[in-house]
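Got a structure for you, written out below as structure tokens; questions coming shortly.
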Amino acid sequence: MNRSSSPGLDTLLQRPSTRALSEPLRQALLTCWQQAGVDHTPRLAWPVLADTLDSLALLSADEGVVVAALLFDLPGLRARLAELPLGAAASAVNGLLDGQDAADQVWALHAGREAGRNSEGLRRLLLSIIHDLRVVPILLSRQLACMRVADRLPEDERRALAQLTRDIHAPLANRLGIWQLKWELEDLTFRFLEPETYRHIAREVDETRVARERYVEAVKYKLSAALAEQGIRAEVSGRPKHIYSIWRKMQKKQLAFEQLYDLRAVRVMVDDVAACYATLGVVHALWTPIPSEFDDYIARPKANDYRSLHTAVIGPEGRTIEVQIRTHEMHAQAELGVAAHWKYKEGGKGAEKAFDRKITWMRQLLEQAQDPASPEDLAGALDAELVEDRVYALSPKGEVMDLPAGATPLDFAYHIHTMVGHRCRGAKVNGRIVPLTYHLRSGDRVEILTGKEADPRRDWLLSSGGFLASNRSREKVRSWFHKLDRARNVQAGRELLDRELKRLGLQQADLMVAAKRFHADSVDDLYIQVALGDTGPNQVSRALLEAEKAAQAPATPALPRPTARRGSTGKSDFTVQGVGNLLVQLARCCQPVAGEPIRGYLTQTRGVTVHRMDCQALARLGAAHPERVLPVEWGRAGSGYEVDVMVRAMDRRWLLKDITNLIAQEDAYVIEINSDSLRESGRLQLRLRLKVSDYGQLSTLLGKLDALPGVDEARRLG
């Protein structure tokens, strides 16, 4: 079929709703449409596509949004996107198209579930996988256009479309404050899902929508004039209550139709609180108030800090009308703050701060659409502000799981059910097996592999292991181990702590010192704390070092003001008490790391060498020349500290790559690597010289090295 014989696109581009398109772009669209060698039928009927663009124009959509809406519904044009004169906007249009593709995936998930089930999760998933929030007005406009012609569809298709609108689109329009679309989406949904109830309420209203809108306009005009006569600056707005909203209020308050006083409502916004009460006086002088329908939420704000004056009066023609009076500041807080209107309407407790922030920025994006100077600045602000702190992952059946950022498959398992987490042995993400420390992303489909018996690991409780990001999940693991007998917990804690102390050369430390630090009555109680994850092994080892340092401080004699000198290798800054103008360097025999107790030894030719307090070489030197042993303290960290580490592991493929990648991820540096193959055992022993920033980094790094697959041991040497 010849393209030129189809007047669809040509007619569409002549509509006022496409005025956002530049003339060169308009011509390029027509040219590409005529030259495309694909079927000319759009995804939607031409009238529906035109209606979509009309709604976008109502929302002041920019050129990129209009183009993206067109290209998505006209696949032939989308295939020729590169030929359109979009310039720098091409990448943004691509992002808008990707967002619409992602939304189609959410619609497919919705179609495969029970009506209304986990709809909030789907809404959150939608917003999390859409990177350009301008996609949302496109989705809402297209859905409204489809709903307007839904009565032509078969019954099952019409109900499915209405169900999707009720679960996803209408709540989003409500949250974003897009009232122009919200009320009609809700009314049409109500009409198709509850036709008998809809018709009943429509008969009760006993007037057309146009007549009600005309009535509200008359009330606004009369009230505005009365306020102006009293010298009150005010902005009066209003709209008639629509059918769905009437039904919701009847259900919520268990009222008959005759008991509703706010079928017609106006809102008055003024400059200050005094003007609120002055306006109330004008309203009550103008029309007869209904005493039982007055609420002063300014003097007595709601629990969510919502503030406003609400009154109902007998207005013109004897009809009741509700009047809300508030300041502009109160209105802004009600629309965008903790008292957001969408939370009140949906009866929810509110979402997380990041989700609220995303909604707020979306509203501001819509409000500033007509400001030609703001789009780039706003886009930059969006990149900075909309950092989502939630992850929305999918079960194999398409259920959406709301998890904290950084969540792992193990968190996902515990979110499903405690026993699924306890029995978890592995996981697949998008059909591929991943480690349990894998960080999930929104849209990932997760399958948990379970064993027959519950057998959680204590390593899951260690933050350095990275197995769990959710405190809720971690508490479930703790609860499991709390139920074990004391002897098993003591033994497990001892093994975990011994492993950490061995890594750091602290096997001879007095554990009772750490037990008191963590309010444990005995060393066994400390072991139990470690076993249950209440205290980490690295916390114990750090406490032991700090205690040794504190115990030595009172014994240090008062000496002249310390002098700071930099080591010859530039490795660190030290404070050497009582000595100046000396070379300071780390001892190669024990290689102390920042944070450990240390002593200096004054050599004859190499200045002061700094040793660990328990260094055997220092003990021999100090016994021979005690006058040369000097008090030394750590100063400001320089470029890092060198330390030798030994790793013993199974000789497997990619072992060295895994080790070096992990070291790089922890921001440490590899200076030297030596390996010895233990052939008879099939194992490999690696000696690595690393540069780390401090003791804490070394402790974390050793823990993660020890957790690598095939690694038997990772500890410090010297």
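The structure displayed is predicted, hence computed values, not measured ones.
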Any salt bridge linking Glu475 with Arg472? Criterion: basic side-chain nitrogen under 4.0 Å from a carboxylate oxygen. no

Taking the side chain as every heavy atom from C-beta outward, state whether Asp62 and Val66 have any atom pair closer than 4.5 Å. no

Do the side chains of Asp101 and Phe72 get nearer than 4.5 Å, heavy atoms only?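 Yes; the side chains approach each other to less than 4.5 Å.
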
Mind running side-chain contact (heavy atoms from CB on, under 4.5 Å) on Phe518 and Gln529 for me, showing each step along the way? CA-CA 9 Å; Phe518 295 104; Gln529 288 186 17; 3.5 Å; yes

Knowing that exactly one of Val446, Ile416, Leu440 qualifies, which makes a side chain to side chain contact (heavy atoms under 4.5 Å, CB included) with Met401?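 Of Val446, Ile416, Leu440, side chain to side chain contact (heavy atoms under 4.5 Å, CB included) with Met401 is met by Ile416 alone.
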
Output all residues satisfying side-chain hydrogen bond (donor to acceptor under 3.5 Å, both in side chains) with Gln491, sequence neighbours left out; order by chain, then residue number. Arg494, Glu495

Contact check, side chains of Ile673 and Leu656, non-hydrogen atoms, under 4.5 Å: yes

Rounded distance (nearest 0.5 Å) linking atom OG of Ser55 with atom CG of Leu53: 9.0 Å

Could you pull out all residues at least two apart from Asp712 that satisfy salt bridge (Lys or Arg N to Asp or Glu O under 4.0 Å)?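 Applying salt bridge (Lys or Arg N to Asp or Glu O under 4.0 Å) to Asp712 gives Arg683.
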
Would you verify whether the NZ or CZ of Arg458 falls within 45 degrees of the ring axis of Phe481 while also being under 6.0 Å from that six-membered ring's centre?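 Pair Arg458/Phe481 counts as cation-pi.
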
Between Asp444 and Lys428, does any side-chain N to carboxylate O distance fall below 4.0 Å?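 No, this pair does not count.
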
First locate atom CG of Leu410, then atom OH of Tyr414, and finally report the distance between them rounded to the nearest 0.5 Å. 5.5 Å

Would you compute the distance between atom NZ of Lys476 and atom NE2 of His422 and round it to the nearest 0.5 angstrom?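 Going from NZ on Lys476 over to NE2 on His422, the span is 8.0 Å.
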
Supply the atom-to-atom distance Leu49 CG to Leu74 CG, rounded to the nearest 0.5 angstrom. 5.5 Å

Hey, mind stepping through Leu144 and His169 against side-chain contact (heavy atoms from CB on, under 4.5 Å) and telling me if it holds? CA-CA 9 Å; Leu144 177 57; His169 298 81; over 6 Å; no

Min side-chain heavy-atom separation Ile138-Leu56 under 4.5 Å: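 A side-chain contact exists here, since the closest heavy-atom pair is under 4.5 Å.
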
Look at the aromatic rings of Phe467 and Trp460 and report parallel, tilted or perpendicular, splitting at 30° and 60°.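 If you compare the ring of Phe467 with that of Trp460, the planes turn out tilted.
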
Does Lys704 come within less than 4.0 Å of Glu666, counting only side-chain N to carboxylate O?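 Salt bridge between Lys704 and Glu666, a charged N being under 4.0 Å from a carboxylate O: yes.
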
Could you tell me if the side chain of Arg432 sits less than 4.5 Å from the side chain of Val434, heavy atoms only?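 Yes; the side chains approach each other to less than 4.5 Å.
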
The test is side-chain contact (heavy atoms from CB on, under 4.5 Å); show your working for Val645 and Leu701 and say whether it passes. CA-CA 10 Å; Val645 170; Leu701 179 59; over 6 Å; no

Who passes side-chain hydrogen bond (donor to acceptor under 3.5 Å, both in side chains) against Thr52, sequence neighbours left out? none

Contact summary for Ala520 and Leu526, nearest pair of heavy atoms: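 For Ala520 and Leu526, the tightest heavy-atom pair comes out as CB-N, 3.7 Å.
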
Is Leu532 close to Val477 at the side-chain level, that is, under 4.5 Å between some pair of heavy atoms? no

SG-CG distance between Cys424 and Asp455, expressed to the nearest 0.5 angstrom: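 Here the rounded value is 11.5 Å.
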
Any Ile168 side-chain heavy atom under 4.5 Å of Gln163 side chain: no

Kindly indicate whether the side chain of Cys146, heavy atoms from C-beta on, has any atom under 4.5 Å from the side chain of Leu161. yes

Straight-line distance of Gln697 CD to Leu702 CG, nearest 0.5 Å: 10.5 Å

Do Asp706 and Arg715 meet the salt-bridge criterion of a basic N to acidic O distance under 4.0 Å? no

Of the non-hydrogen atoms in Ala68 and Leu97, which two are nearest, and what is the gap between them?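 Heavy atoms of Ala68 and Leu97 come nearest at O-CD2, 3.5 Å.
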
